[in-house]
Each structure stands twice: as structure tokens, then as C-alpha cells.
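Take a look at the structure set out below.
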Protein chains: 2
Amino acid sequence: MSLKHALLGILHYGPMTGYELKQFFDSSVQHFWNAELSQIYPTLKQMEELGYVDKRVEVQENRPNRKIYEITAGGRAEFARWVREPMPPAALRDPFLIKIFFGSELPIDDMLILLRRQQEEEQKLLAFSEIVLSARIDHAHKEHHDIAGAATFWRLTLEMAIAHRRAYIAWCDAAMHALESMRDESSAAGEASGGE
Amino acid sequence: MSLKHALLGILHYGPMTGYELKQFFDSSVQHFWNAELSQIYPTLKQMEELGYVDKRVEVQENRPNRKIYEITAGGRAEFARWVREPMPPAALRDPFLIKIFFGSELPIDDMLILLRRQQEEEQKLLAFSEIVLSARIDHAHKEHHDIAGAATFWRLTLEMAIAHRRAYIAWCDAAMHALESMRDESSAAGEASGGE
DNA sequence: CATCTCATGTAATCAGTTACATGATTTC
DNA sequence: GAAATCATGTAACTGATTACATGAGATG
């Protein structure tokens, strides 16, 4: 499970509660990873059992006590081991490509609609990465004046996300062009059934 | 679950057993989807209950009976509905980027090793897509002389996989260059500790 | 008066992987 | 003699999502 190691990574920046860890996810790595609170809480418990983190409870009134987790030496060691460990590249697992693969079962115009819409969605994600997220990194950069060059690495992950979205968008374009010429060729061949 | 729909898609090409469906996966869509037999068998059972497929049993000696599944009108309708249904773009979910994100916790040279190895793995996958798979599509194209233009769509999915791998490889290059200049800058600044 | 923030969790379900189980036939 | 092919499954486990549960205080 990479979630354990993502949490350990974040805890390098300082002790945090589960709730704060979730906020960190949402504001920094959501372009390539995500986790729900309902997954984070049990995972933290597990990590405590494994000795990767220490827990300190801050008693509160009117709301659940804050449980602040801090990375241990064991946690740091495990993180360092995991980072260096080789891993197979992430598989491309995209249900949209299933739709394309069986595209010959549908009219070409329907496939073009599909591609156009998917491209628009990708464009939204790209714009989000390019504008919102890069601004966020700049901000973090200035606020903490980039201790240990973390911002460089944050930016690299963003650039991968951006490269991926751009490649997808370009592919949608190429695919639509290919289908358009396919359609035009077949309509030129079967001209008899054409007209209004 | 997209597996149901992937199986329905394949069954458009003709009736098949679970075993044959698995072979189809391995020889055609494995660059963007995969499924184990242990997942396929129960899913086919479910699809039969839903009325998406009909089952015919072919009795065999010395080995389990072949259960041949054929898509029904209901299955075709469900597939057609699903294909046209909008879906959010697949999330980028890449544990390698977690490693990069926390790269400031490691020596830069270790990060360079990591990137180099990952790039090599991506290159292997790219070569596989470019050579083996495209040859496979050409072959399928000639064998069945491309009824209904299926090969065009097969090729499109392959091209997406290739575009993705190329973008990843290019990004690894850029990342390594960025880290190298980062390292060179910091060694130029802290020259006192330099030497041997 | 409604929604968002803070702060914790559990339970159910879904999707997918790995391990286990069987066993004849063919290929190297 | 070992491994791959054919052909079916079940069971256990992992990882992740969705729904459910609680409830004060702040913001709009």
C-alpha cells in the first residue's frame, strides 16, 4: 500500500492529525494521488501498531480529541527503504480506452462526440493543473522560502500531470482527425446512399 | 465496474469461454486493461444473472466443461448505453510520483538513480507497445481484413499508450536535467566542502 | 436558516490480486 | 521429467469508495 508511505512522507514536514493529513492531500498531491478520511484513519492506526508513528492526544471539548501523529525513527527508515525500492511503472488503466477499442460497434459520429467531450474534460483538468496548482506551489515556495528545495520536486510532479494531460488532449485531436477521414472516405465510397 | 463492459465488448466478436476471454485480454487490450480469470469467471456468472449473456455448456471429457457465453440483445443494449454515458477522465494514480514529491528527503544522486531506472522501465514498455503490439494489430488487420474498421480503433488505443509512455520518458529526462542543475548549483555554492 | 469547518470514526460494498485446488494432454 | 495449455472455479486478502453516525461552532 502506497498510502502508508505517502502519509509517512507528509509527516516528514511535521506532526499532524488525520484531518490535517487529508487537507494536505487535497491541497498538494491530488493531481496524482487521493485518499479519503475513512481510509486515512484506519491506516494511521495500523502505522502506529507498526511503530512508524507515535500518537499524542490533545483533549478537546465539544469535539473529538485531536490525535496528533509524529513520524518515528522506524517510520523514517521504512520510508527511506520504500523510496529506494524499485517498483514497476504504473499500469495505464483507462476505461475510456475500452470505449475507443470497441468503437467499430458505434456510428463514427457518436465516437466523435465521445472524444470531443473527453477532450474537454481533460482540458479542464489541464487548466486546473496549469493555473491553480502552479500558483499554489509558487505560494508555498515564498511562504516557506523552500527549505531543502521541496518546491522543485513538487513542481516536477505537477509537470508530469501536465505532460500527461497534454498528451491525452493531443491524442484526442489525432483520434478525431483519423475518424473524420475514415468517415469521409466511406461516405465517398458509398455515395449512392448519400444526400439529405 | 468496467470489466463487465469490456467483456460485453469482446463478446461482440463472437461467443467465447471465460478462458478465451482472458486470452483476448492478454493479446489485445493489456496495454490499458487487464483481468485475471479469478475475476472473469464470477463476473460472467453475474452477467448471466443480469441477462447480458446466454450460456451454453459444451461437455468435455478429462477436463472441465466449456461454458460458452454469447451476448444477448440486453447485453448489446447495456453496452451501447455504457459507451455513450459520460465518464470522468481516469485519475492519474502513480506511486512513483509520491517518491518524487518527497524527493527533498533524499540525496539528489539517489533521486537520479530512481529516475533513471524508472525511465528504463518505461522504455521497455514503450518498445513493447511499438514493436510487438503494433505488429499484432497489423497481423489481425490482414487476417480478418478489418471488418468494420476495428483495427483503426485498436490502433488508436495503442497510440494513446505509446503517447503516454513517450511523455513519461521525456518527463524523466527533464526531471533528471533539473536535478542535475540543482545539484551543480548547490555544489558550486558550498565549494569549501568540495575537493576529492 | 443553511452550509462549511473541525474531528473522529465504523460498516458495507466494490474491484482487484494472490493463493489454493484439480487434472489430463501436449510440448520441450 | 518439467512446463505449458486447456478449463474450471473458490477463498482470502488488499485497497479504495460510499454511506452512515455524531455534533459543536463559525460563517454567510
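Here is the naming used below: chain letters follow the sequence lines, and residue numbers restart at 1 for every chain. Owing to the predicted nature of the structure, the values given are computational and were not obtained by experimental measurement.
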Side chain to side chain, A/Phe96 and A/Leu115, heavy atoms closer than 4.5 Å: yes
Cation-pi check, B/Lys99 onto A/Trp82 ring (under 6.0 Å, within 45° of axis): yes
Value in whole Å for how far the C1' atom of D/dA7 lies from NZ of B/Lys67: 10 Å
Atom-pair distance (CG on B/Asp26; C1' on D/dA4), nearest Å: 14 Å
For the student: nearest non-hydrogen atoms of B/Leu114 and A/Val83, plus distance: CD1-O, 3.2 Å
Rounded distance (Å) that lies between atom P of D/dA7 and atom OH of B/Tyr19: 7 Å
Close side-chain approach of B/Tyr69 to B/Asp54, heavy-atom, < 4.5 Å: no
Sidechain N-carboxylate O distance under 4.0 Å for A/Lys45, A/Glu49: no
Expected output: side-chain A/Lys67 to main-chain A/Arg56 donor-acceptor under 3.5 Å: no
A/Phe25 CZ - D/dA16 C1' separation (whole Å): 12 Å
Sugar-phosphate, base or nothing in reach of B/Gln23, heavy atoms under 4.0 Å: sugar-phosphate
Enclosure of B/Arg93 CZ (heavy-atom neighbours >12, cutoff 6.0 Å): yes
Outermost nucleotides of DNA chain C that come under 4.0 Å of a non-hydrogen atom of chain A: C/dT5 to C/dG16
Sugar-phosphate only, base, or nothing, as touched by B/Glu20 at under 4.0 Å among non-hydrogen atoms: nothing
Length of the CG-P vector between B/Leu37 and D/dA4, whole Å: 16 Å
Pair A/Tyr13 and A/Phe24, ring centroids less than 6.0 Å apart: yes
Ion pair check, A/Glu20 and A/Arg66, cut-off under 4.0 Å: yes
Side-chain donor/acceptor of B/Ser2 to backbone N/O of A/Pro95, under 3.5 Å: no
Degree of bending, the helix from C/dC1-D/dG28 to C/dC28-D/dG1 (end axes from five pairs; round to 10°): 50°
What nitrogen or oxygen pairs link the protein and nucleotides 17-19 of chain D at under 3.5 Å?
unit_1	atom_1	unit_2	atom_2	d
D/dT18	O4	A/Ser38	OG	2.6

Sugar-phosphate only, base, or nothing, as touched by A/Gln60 at under 4.0 Å among non-hydrogen atoms: sugar-phosphate
Nearest-nucleotide 5' precedence on DNA chain D, A/Ser2 against B/Arg66: B/Arg66
Validation row, ring centre A/Phe102 to ring centre B/His12 under 6.0 Å: no
